[in-house]
There are 2 protein chains.
Amino acid sequence: MTVPPQADPPVGPGSRDAQDVAAAAARARVAAKLAAAGSPGSAVPHPEARSVPEATVARLAVYLRALGDVSATGAETVSSEDLSAAAGVNPAKLRKDLSYIGSNGTRGVGYEVSRLIRQIELVLGLTQRHAVALIGVGNLGHALAGYGGFAGRGFPLRALFDVDPDLVGININGILVEHVERIGEVCAGLDVTIGVIATPGAAAQLVCDRLVAAGVRSILNFAPVVLQVPARVEVRKVDLAVELQILSFHVARRGDDQVDPAPPAARNGPAVPAVVRR
Amino acid sequence: MTVPPQADPPVGPGSRDAQDVAAAAARARVAAKLAAAGSPGSAVPHPEARSVPEATVARLAVYLRALGDVSATGAETVSSEDLSAAAGVNPAKLRKDLSYIGSNGTRGVGYEVSRLIRQIELVLGLTQRHAVALIGVGNLGHALAGYGGFAGRGFPLRALFDVDPDLVGININGILVEHVERIGEVCAGLDVTIGVIATPGAAAQLVCDRLVAAGVRSILNFAPVVLQVPARVEVRKVDLAVELQILSFHVARRGDDQVDPAPPAARNGPAVPAVVRR
DNA sequence: GCTACTTTGTGCCTGCGTTCACGAGCGGCT
DNA sequence: AGCCGCTCGTGAACGCAGGCACAAAGTAGC
Ligand SMILES: NC(=O)c1ccc[n+]([C@@H]2O[C@H](COP(=O)([O-])OP(=O)(O)OC[C@H]3O[C@@H](n4cnc5c(N)ncnc54)[C@H](O)[C@@H]3O)[C@@H](O)[C@H]2O)c1
Ligand SMILES: NC(=O)c1ccc[n+]([C@@H]2O[C@H](COP(=O)([O-])OP(=O)(O)OC[C@H]3O[C@@H](n4cnc5c(N)ncnc54)[C@H](O)[C@@H]3O)[C@@H](O)[C@H]2O)c1
């Protein structure tokens, strides 16, 4: 394993918090109010959903997976209660979420599985494939490149980049690793819309800038750096350290509370109904 | 009646959406006992502030990293403005966040870097090391196991598990891969508090159950499954597919209005981005 | 020692997100 | 055909989070 210059760059000011769902929601929430204030009945041929809250978008993806499971069982319809249980959310929340995308369930029956899947895919923009580029074919990058979940879910990995001369030129899963200098031309040529950054933190901003220059509009960042991007570019960050630290907080919290309340078993027993009961 | 999804155990509801920050916040918001008679001067060993919002906890981890950067520059103090810029948040938000942990900045000066780092580490429970166990040493698991960011940030990886006979028994970074059956005894013996699941989705719930039985209170889940756990266990999910789909949504969203240098209010007229018609 | 300036800490307001509760439609049963 | 029961869709209430703006508190300068 190459031991890269681990460290963190000086970083810069004036950025955005891509991790913060609520803030992103606020940003994304563009006024979508239709002028049609007239009749409540709405005879409009626009069953167009109103703007979808960011929090809902995140859950739609989860619903989609749950729907896949349901579909695998052969069921043709599913109730909000069942589906919400599978997705781990409140039934009312699920129904409201689905209502945002102009959903049509059938009262007394539930949601038609296949129809709902199509609808969510449509809203999430999954009907068109999004070419993905991955930059940084190291430890993590290799794992990601070899992961079938990309293409399997409509996100074909089309380009790989690195600076390491030992890596540039090799093939991974049939994809040639290009030099990072070529991000611009290659991404533009392949019409890459999503970039995944798996380089060390020090290189992330530079790589990000190149991606943006190449017209990439969405970036998934694994490097522990807050990326600075123009407003039109969407960044999502996956930060292992942050996740662990959040978990640590809860361990400490509960640890103080009680170390060993009720260890094993006892799981199924008390049918706690709703999600939270405190 | 619809058939329950195969992947899901009987267990019933009571699942939780670890990804959802806001909801988690509500859940985690437990009234802290300390009435906070806090005198400004000294930090008692119990600086446990009043209950810290979940959203704030997530950002504290980010601040911590930013503080590391600042510290590396040699600065002894940092203003909320500078630090917030480095962390990519609003200065007021940062100050409020820090106020939750009973922070003591100095007015007219800023925050003492080293003190603030210690304070955040204390609140996040990073003063005690958390032994981590990783289950599923496959594609992703290997990358994680080889990653220095674990131990480097106070989360020593102490145990590895898998079912594959070819993997059980090998050493990775000096850690022996144990058979998954031994989760219970090994984790209990090493006092593992955080479990990381990197198995295929089908095995995740089973592994999760074992971890819980072993007394693990926090789980980081990479498998695309909604885990069912008792309320006292905290789960956080990292789901690549979900992240990509969220990005996809935004691509579709923004893709419609093309390059748009200025962010004018002209967006009002052409309605609704939500549903993409193609 | 007093004034002016800097920066924190926070009260208040706004708005999003979640949840409850209930009306509205739909299928099935008698 | 009509009634009954099931489940969706959503209006309204509530609570949390974000952000502005200002008073408090400390520093630096004179
Ligand atoms: N490995 C993990 O499990 C893991 C987990 C969470 C986060 N991360 C983060 O992901 C990133 C990558 O981690 P890793 O373990 O794969 O590191 P790594 O060192 O194994 O791989 C980094 C790769 O990026 C390449 N690279 C360096 N500079 C580059 C540049 N300017 N342009 C293009 N490529 C460049 C290197 O040649 C190397 O191949 C790091 O930021 C790390 O913090 C890793
Ligand atoms: N590889 C990636 O980049 C990536 C990205 C996102 C999510 N994921 C998810 O992470 C998980 C692992 O992905 P992967 O690519 O490493 O898969 P993988 O098949 O390479 O590795 C899975 C490992 O888990 C082991 N395993 C299977 N059943 C087990 C059990 N019951 N107990 C213990 N170990 C068991 C297997 O032996 C194998 O070593 C999957 O759920 C995948 O969806 C992977």
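Convention: sequence-line order gives letters A, B, ...; per-chain numbering from 1.
The CD1-P distance, from A:Ile101 to D:dG9, rounds to 10 Å in whole Å. What separates CG of A:Leu98 from P of D:dT10 is a distance of 11 Å, to the nearest Å. Between the CG atom of B:Leu116 and the P atom of C:dT8 there is a distance of 11 Å, given to the nearest Å. With rounding to whole Å, A:Glu81 atom CD is found 11 Å from D:dC6 atom P. Going from atom CG of A:Asn104 over to atom P of D:dG9 covers 7 Å, rounded to whole Å. The CD-P distance, from B:Glu54 to C:dG17, rounds to 17 Å in whole Å. The distance between atom CD of B:Glu76 and atom P of C:dT7, rounded to the nearest whole Å, is 17 Å. Atom OH in A:Tyr63 sits about 14 Å away from atom C1' in D:dC8, given to the nearest Å.
Here the side chains of A:Phe249 and B:Val52 are in contact, with some heavy-atom distance below 4.5 Å. Between A:Arg153 and B:Leu244 the shortest side-chain heavy-atom distance does not fall below 4.5 Å.
Close to D:dC20, at under 4.0 Å from its OP1 or OP2, lies a side-chain N or O of B:Asn90. In this structure, B:Ser80 does not reach the C:dT7 phosphate: none of its side-chain N or O atoms is under 4.0 Å from OP1 or OP2. A close approach under 4.0 Å does not occur between any side-chain nitrogen or oxygen of A:Tyr100 and OP1 or OP2 of C:dG17. One finds no side-chain N or O of B:Tyr111 lying less than 4.0 angstrom from the OP1 or OP2 phosphate oxygen of C:dT6.
Legend: residues meeting side chain to side chain donor-acceptor pair (under 3.5 Å) with A:Asn104, ordered by chain and number and at least two apart, are absent. Judged as a side-chain contact (heavy atoms from CB on, under 4.5 Å), and not counting sequence neighbours, the contacts of B:Ser71 are B:Val113, B:Ile117. Scanning for side-chain contact (heavy atoms from CB on, under 4.5 Å) contacts around B:Ala72 gives an empty result, with sequence neighbours left out. Residues satisfying the side chain to side chain donor-acceptor pair (under 3.5 Å) criterion with B:Asp97, sequence neighbours excluded, are B:Thr56, B:Arg59, B:Tyr63. Take B:Thr77 and apply the side chain to side chain donor-acceptor pair (under 3.5 Å) test, not counting sequence neighbours, and it matches no residue.
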**Message:** Protein within reach of the bases, or only the backbone? For nucleotides 25-30 of chain D, mark each nucleotide 5' to 3' as B, S or -, using heavy atoms under 4.0 Å.
**Reply:** BSS---
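In this structure, A:Asp97 and B:Val78 both approach DNA chain C, and ranking their closest nucleotides by distance from the 5' end singles out B:Val78.
Counting distance only, with no hydrogens placed and no angle test, the side-chain atoms of B:Lys96 and the base atoms of C:dG9 include no donor-acceptor pair under 3.5 Å.
The side chain of A:Arg95 lies closest to C:dC22 when the candidates are C:dC22, D:dC20, C:dG9.
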